[in-house]
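This report concerns only the one structure given below.
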Amino acid sequence: MPGKQVLVTGGAGYIGSHTVVEMVTAGFSPVVLDNLSNACPESLKRVEAITGTSIPFYSADLLDKPALQAIFDKHDIEAVVHFAGLKAVGESVAKPLSYYKVNVGGTTNLLEVMLEKGVYNFVFSSSATVYGEPQFLPITESHPAGACINPYGRTKYVIEEILKDLSIAEKNLRVVLLRYFNPIGAHKSGTIGEDPSGIPNNLLPYVSQVAVGRRSELSVYGSDYDTVDGTGVRDYVHVVDLALGHIAALKKLEDISGCKVYNLGTGTGYSVLQVVEAFEKASGKKVPYKIVDRRAGDSASVYADPSLAEKELGWKAERGLTEMCEDCWRWQSQNPQGFKKD
Ligand SMILES: NC(=O)c1ccc[n+]([C@@H]2O[C@H](COP(=O)([O-])OP(=O)(O)OC[C@H]3O[C@@H](n4cnc5c(N)ncnc54)[C@H](O)[C@@H]3O)[C@@H](O)[C@H]2O)c1
Ligand SMILES: CC(=O)N[C@H]1[C@@H](OP(=O)(O)OP(=O)(O)OC[C@H]2O[C@@H](n3ccc(=O)[nH]c3=O)[C@H](O)[C@@H]2O)O[C@H](CO)[C@H](O)[C@@H]1O
């Protein structure tokens with residue numbers, strides 16, 4: 001579908017902005033919708049600088065149906081890549097209604113408008129969080145899903161189920177659900193990257209903020225897991241590889257029917273201390289840390305079997321942990337305060 005217009009919801013955010021870059025490179029014409037609740041307009045300016053292309057942007061909310069309808073009326077949208085939503089696990093426990101309203105309600109609004117306007121191609125940002133506590137490793141797409149341990153995870157699972165039901169009811173609808181493992185890293189230019197507001201929840205943003213001097217030390221959540229060194233193991237995947245997974249999914253939409261599910265990960269797990277060591281090497285900075293109690297809800301090890309994506313999408317993560325850390329550091333060191341205050 002190259003050349004065709006693709007609506008990218010949440011396209012100003014971390015994964016969305018990287019995907020917009022790769023979409024332009026692949027010949028698609030992205031149209032971005034984002035309410036900027038967790039992003040800056042600066043990220044899209046930088047995407048425009050990287051790509052040398054002007055990106056149509058709508059500052060609009062998923063819950064604002066007339067605004068969605070106006071975008072579909074203005075553009076000949078062929079497919080939707082749906083990133084927009086709330087993603088902070090702790091906040092989802094404190095404010096579950098906001099999470100159900102924005103993530104689930106926002107998605108049903110978007111789907112209603114798509115169907116009304118005759119748009120039938122959909123790629124959705126799901127998460128390995130839908131698998132809950134792993135029952136076996138590596139995790140394949142047939143691993144049981146739904147035993148989520150927080151409202152954020154449940155919203156992802158509920159949306160997946162809605163999409164499966166809808167793709168049965170609407171024979172024209174084609175859906176690819178992408179279950180991301182742990183996206184990290186940044187674009188090679190160092191001009192776009194992850195810019196969390198407040199104290200980062202996730203490992204890499206925290207590590208890089210320690211390395212750049214914004215925080216004094218990392219808390220390592222537990223060192224008594226049954227892993228290589230006792231710290232938690234995850235499947236970190238470069239955000240540019242992840243972005244390329246969306247290009248593969250968009251192309252796949254042309255020859256599927258119904259709803260397909262793919263893991264996007266590397267298949268390799270690294271421990272917290274292995275990540276810290278790799279980051280220190282990549283940045284040349286020390287990352288002081290202290291071991292603290294386990295974080296509630298964390299699993300010892302989570303990593304993907306990504307072979308289905310390779311077989312059916314022709315997608316495979318190419319970038320290793322060293323490159324992920326180097327790219328993350330380039331972004332963080334060039335933009336110590338993220339997008340806002342340079
Ligand atoms: N980053 C991860 O570790 C990870 C892992 C698995 C899945 N995901 C999912 O991938 C998607 C993108 O994640 P990200 O890391 O880029 O997050 P992000 O917060 O950087 O991007 C989400 C974007 O959606 C926008 N948004 C939020 N609510 C909106 C609304 N009501 N209307 C319009 N725009 C809205 C935000 O402003 C933001 O730019 C999310 O759906 C997230 O749940 C992320
Ligand atoms: C509880 C939680 O937020 N879960 C989310 C988080 O899972 P994950 O726990 O997979 O990602 P993460 O980046 O929060 O943690 C990765 C690993 O680092 C450890 N760690 C993390 C931060 C820190 O300051 N110190 C530390 O030791 C953590 O215990 C784990 O072993 O991200 C995923 C996406 O990537 C999903 O969105 C999950 O829902």
Side-chain angles (χ1 to χ4, degrees), residues 8-19 32-41 43-44 58-64 67-68 81-93 98-99 101-103 105-107 109-110 124-130 132 148-150 152-153 155-156 159 178-184 193-197 199-207 209-210 215 217-223 225 227 231-237 239 242-243 246 264-265 269-273 275-276 289-303:
V8 184
T9 75
Y14 172 46
I15 305 170
S17 58
H18 287 81
T19 303
V32 171
L33 170 158
D34 199 302
N35 70 355
L36 301 177
S37 60
N38 197 35
C40 291
S43 72
L44 283 176
Y58 295 88
S59 177
D61 197 294
L62 286 174
L63 298 173
D64 181 352
L68 298 181
V81 181
H82 180 36
F83 294 102
L86 303 176
K87 64 162 187 177
V89 170
E91 186 186 60
S92 79
V93 175
S98 301
Y99 274 67
K101 189 166 157 189
V102 172
N103 291 5
T107 304
N109 258 357
L110 177 63
F124 176 61
S125 298
S126 190
S127 167
T129 195
V130 301
C148 305
I149 56 158
N150 54 63
Y152 164 71
T155 66
K156 289 290 172 191
I159 296 166
L178 297 175
R179 291 175 176 161
Y180 313 154
F181 280 68
N182 292 59
I184 63 168
E194 189 169 10
D195 182 19
S197 47
I199 300 170
N201 295 309
N202 297 115
L203 180 63
L204 256 291
Y206 206 105
V207 166
Q209 289 192 10
V210 171
R215 309 200 179 268
E217 65 179 357
L218 170 73
S219 294
V220 175
Y221 298 139
S223 62
Y225 287 108
T227 61
T231 64
V233 165
R234 296 292 183 276
D235 184 339
Y236 297 95
V237 55
V239 66
L242 201 68
H246 294 75
L264 294 186
Y270 289 102
S271 74
V272 175
L273 294 183
V275 169
V276 168
Y289 67 84
K290 62 168 187 258
I291 307 284
V292 301
D293 288 346
R294 292 179 177 195
R295 181 172 67 181
D298 273 356
S299 304
S301 296
V302 183
Y303 50 91

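Residue numbers count from 1 along this sequence. Both counts, for ligands and for their atoms, begin at 1 and track the order of listing.
With Tyr225 as the aromatic partner, Arg294 meets the cation-pi criteria of under 6.0 angstrom to the ring centre and within 45 degrees of the ring axis.
The protein atom (non-hydrogen) at minimum distance from atom 20 (O) of ligand 1 is Tyr14 N, 2.9 Å. Nearest protein heavy-atom contact of atom 21 (O) of ligand 1 is Gly13 CA, 3.7 Å. Given atom 31 (N) of ligand 1, the protein heavy atom at minimum distance is Asp61 OD1, 3.1 Å. For atom 13 (O) of ligand 2, the closest non-hydrogen atom on the protein side is Leu203 N, 2.8 Å. Atom 34 (N) of ligand 1 has its closest protein heavy atom at Asn35 N, 3.1 Å. Among all non-hydrogen protein atoms, the one lying nearest atom 3 (O) of ligand 1 is Pro183 CD, 3.3 Å. Among protein heavy atoms, the minimum distance from atom 17 (C) of ligand 2 is reached at Tyr236 OH, 3.6 Å. The protein heavy atom nearest to atom 43 (O) of ligand 1 is Tyr152 OH, 2.7 Å. Considering only non-hydrogen protein atoms, atom 36 (C) of ligand 1 sits nearest to Asp34 OD1, 3.3 Å. Ile15 CD1, 3.7 Å is the protein heavy atom nearest to atom 13 (O) of ligand 1. Atom 26 (C) of ligand 2 has its closest protein heavy atom at Tyr221 CD1, 3.3 Å.
For Ser126, the closest heavy-atom approach to ligand 1 falls below 4.0 Å. Within the 4.0 Å heavy-atom cutoff, Lys156 counts among the residues contacting ligand 1. Assignment of Ser17 to the shell around ligand 1 is not supported, since no heavy atom sits closer than 4.0 Å. Contact analysis puts Leu33 in contact with ligand 1, with a non-hydrogen atom separation below 4.0 angstrom. Put simply, part of Phe181 is less than 4.0 Å from ligand 2, judged by heavy atoms. Within the structure, ligand 2 lacks Gly222 among the residues with a heavy atom less than 4.0 angstrom away. Contact annotation: Val272 has at least one heavy atom less than 4.0 Å from an atom of ligand 2. Residue contacts with ligand 1: Gly106 is excluded, as none of its non-hydrogen atoms falls under 4.0 Å.
Distances between N or O atoms of Ser219 and those of ligand 2 include at least one value under 3.5 Å. In terms of polar-atom proximity, Leu204 is not counted as a contact of ligand 2, lacking any N or O under 3.5 Å from an N or O of the ligand. Residue-to-ligand polar distances place Asn202 within reach of ligand 2: an N/O pair is separated by less than 3.5 Å. In terms of polar-atom proximity, defined here as any N/O pair under 3.5 Å, Tyr152 makes no such contact with ligand 2.
Within ligand 1, counting atoms from 1 as listed, the ones closer than 4.0 Å to a heavy atom of Leu36 are 37 (O). Applying the 4.0 Å criterion to heavy atoms of Ala39 picks out, from ligand 1, the atoms 37 (O), 39 (O). Atoms of ligand 2 found under 4.0 Å from any heavy atom of Asp298 (numbered from 1 in listed order, with element): 9 (O), 28 (C), 29 (O).
Shown are Leu86, Asn150, Val93; of these, the side-chain contact (heavy atoms from CB on, under 4.5 Å) with Tyr99 is made only by Leu86. For the side-chain contact (heavy atoms from CB on, under 4.5 Å) test with Leu218, the passing option among Ile291, Val292, Leu203 is Leu203; the others fail.
Relative to atom 14 (P) of ligand 1, the option among Lys87, Glu194, Arg179 with the closest non-hydrogen atom is Lys87. Between atom 8 (P) of ligand 2 and the options Arg234, Gln209, Lys156, Lys87, the minimum heavy-atom separation is to Arg234. Closest heavy-atom approach to atom 5 (C) of ligand 2 among the candidates Val89, Val130, Val276: Val89.
Between Tyr180 and Phe83, the ring-plane angle classifies as tilted under the 30° and 60° cut-offs.
Between the side chains of Ser125 and His82, not a single donor N or O lies within less than 3.5 Å of an accepting N or O.
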- Val130 and Arg179: side chain to side chain contact (heavy atoms under 4.5 Å, CB included), yes or no, with the steps? CA-CA 8 Å; Val130 301; Arg179 291 175 176 161; 3.5 Å; yes

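Between the side chain of Asp61 and the backbone N or O of Asn35, no donor-acceptor pair lies under 3.5 Å.
Considering only residues two or more places apart in sequence or on other chains, Asp298 meets the side-chain hydrogen bond (donor to acceptor under 3.5 Å, both in side chains) condition with Arg295.
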